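Reckoned from all heavy atoms, side chains included, excluding hydrogens, waters and symmetry mates. This is a predicted model, so every value here is computed, not measured.
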Amino acid sequence: MPYETPPQHQPHDEPQRHQPADEAREALVRIAYGAMSPNPAMLRAWERLDDSVRTGAPSFDTVHGTDFFGHLAERPELSAQFNAAMSQGTAHTAALLPAAYAFDRFTTVADIGGGDGTLTVALLRAYPALHGIVFDSAPGLAEAGPRLAREGLDGRCSLVTGDFFATAPEGADLYLLKSVIHDWSDARCAEILGHIRAVIPDGGRLLIVEPVLPAAADPSGGGISYLGDLNMLVNVGGRERTRDDFERLCRGAGFAVRTITALPRPNRFSVIEAEPV
């Protein structure tokens with residue numbers, strides 16, 4: 001499942017009830033402090049921020065002797081907490097995305113790295129004729145089946161286990177990547193996008209849902225997005241990107257960016273639409 005910074009609470013606490021805007025605002029505050037998780041392992045990488053800035057490599061690997069996702073794989077309980085946190089972080093975007101794009105033009109959406117299906121559920125609810133594919137690793141998909149069944153959507157959505165560095169599922173005319181690209185270097189992103197390009201049909205579309213940094217830093221806009229950029233660097237070696245960065249990535253993989261639509265504030269995400277060329 002992709003890495004994004006969600007609103008958090010300690011596992012033993014009762015979740016607090018907030019309005020969506022409040023949840024998003026809390027997420028932004030927490031990212032400002034690097035608090036992806038209350039688990040100290042996620043915070044210790046920040047102690048070597050200067051190393052990451054100098055080298056461009058994640059300090060998490062040095063601190064823990066393994067990469068971020070390898071660390072999770074060795075700790076099933078922490079991995080489950082992480083997946084739940086990512087689902088919570090996706091919920092606000094899932095409430096906004098269906099109205100931000102004309103999904104009714106398509107028959108099947110494939111959510112790459114879709115985890116428990118939070119985003120796919122929102123789209124299938126909003127578009128009754130749409131079908132879905134949720135593609136992720138086995139641990140990432142652990143809660144997807146029960147989630148779809150509870151929503152009565154298991155008949156309209158299939159689960160496909162796989163590695164997006166090795167393949168992409170066939171059978172969709174819309175491919176969705178949310179909070180995936182910013183986890184990885186340009187070279188690794190090219191692999192992910194290349195596999196999608198190999199299976200996407202003529203007339204299909206790719207949607208990348210991520211923050212888009214301005215071309216030049218704007219002091220009046222606050223520093224949350226740039227702190228998020230650093231958070232991706234120190235923990236997973238990823239980065240946030242500008243429009244030019246996304247256009248270059250897509251062009252290299254055989255896509256052309258056509259539109260970029262910002263979701264309503266305080267959500268930080270934009271919908272980047274690209275088509276195969």
Side-chain angles (χ1 to χ4, degrees), residues 1-4 6-9 11 14-24 27 76-77 79-164 167-180 196 199-201 204-209 261 263-264 267 269 271 273:
M1 177 172 251
Y3 177 168
E4 70 173 277
Q8 288 289 308
H9 54 81
E14 286 296 321
Q16 298 297 309
R17 300 296 182 185
H18 303 290
Q19 295 299 317
D22 294 330
E23 293 178 354
E77 182 177 351
S79 180
Q81 293 174 7
F82 172 80
N83 288 342
M86 295 304 96
S87 177
Q88 184 182 3
T90 296
H92 183 247
T93 299
L96 299 173
L97 186 61
Y101 187 74
F103 290 93
D104 54 355
R105 294 185 291 149
F106 304 94
T107 60
T108 303
V109 56
D111 188 358
I112 308 302
D116 73 349
T118 294
L119 212 54
T120 302
V121 164
L123 294 176
L124 298 189
R125 280 177 177 168
Y127 295 91
L130 190 65
H131 288 74
I133 299 169
V134 182
F135 179 82
D136 210 324
S137 65
L141 289 174
E143 298 301 320
R147 173 73 183 273
L148 289 163
R150 287 195 303 270
E151 301 288 345
L153 296 170
D154 45 332
R156 291 170 52 203
C157 186
S158 60
L159 307 181
V160 179
T161 302
D163 175 1
F164 50 47
T167 188
E170 297 183 7
D173 52 353
L174 179 64
Y175 286 80
L176 176 62
L177 289 165
K178 181 191 175 294
S179 300
V180 172
I196 295 172
V199 298
I200 194 170
R205 290 294 187 272
L206 167 68
L207 296 185
I208 300 171
V209 183
T261 304
L263 294 178
N267 193 289
F269 288 83
V271 180
E273 178 194 33

Euclidean distance, [Y] [atom2] relative to [X] [atom1], rounded to 0.5 Å:
{"X": "T90", "Y": "L119", "atom1": "OG1", "atom2": "CG", "answer": "6.5 Å"}
{"X": "D111", "Y": "L207", "atom1": "CG", "atom2": "CG", "answer": "10.5 Å"}
{"X": "H131", "Y": "L153", "atom1": "NE2", "atom2": "CG", "answer": "10.5 Å"}
{"X": "L97", "Y": "F269", "atom1": "CG", "atom2": "CZ", "answer": "11.0 Å"}
{"X": "L141", "Y": "E143", "atom1": "CG", "atom2": "CD", "answer": "10.5 Å"}
{"X": "I112", "Y": "L177", "atom1": "CD1", "atom2": "CG", "answer": "6.5 Å"}

For the residue pair [X] and [Y], what are the closest heavy atoms and their distance?
{"X": "I200", "Y": "L206", "value": "CD1-N, 4.1 Å"}
{"X": "C157", "Y": "T120", "value": "SG-CG2, 3.9 Å"}
{"X": "I133", "Y": "E170", "value": "CD1-O, 3.7 Å"}
{"X": "P169", "Y": "A110", "value": "CG-CB, 4.3 Å"}
{"X": "L124", "Y": "R156", "value": "O-NH2, 2.9 Å"}
{"X": "D163", "Y": "F135", "value": "N-CZ, 3.7 Å"}

With heavy-atom distances below 4.5 Å as the criterion, would you say the side chains of [X] and [Y] are in contact?
{"X": "L130", "Y": "D104", "value": "no"}
{"X": "Y175", "Y": "V199", "value": "yes"}
{"X": "P264", "Y": "L96", "value": "yes"}

Worksheet entry | Side chain D173, main chain G204, donor-acceptor under 3.5 Å |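 Judged by distance alone, no pair lies under 3.5 Å.
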Worksheet item: Would L123 and L176 satisfy side chain to side chain contact (heavy atoms under 4.5 Å, CB included), going step by step from the backbone distance to the final call?
Response: CA-CA 11 Å; L123 294 176; L176 176 62; 4.1 Å; yes
Worksheet item: Using the ring of each side chain (for Trp, its six-membered ring), is Y101 parallel, tilted or perpendicular to F106, with breaks at 30° and 60°?
Response: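 Judged by the thresholds at 30° and 60°, the geometry between Y101 and F106 is parallel.
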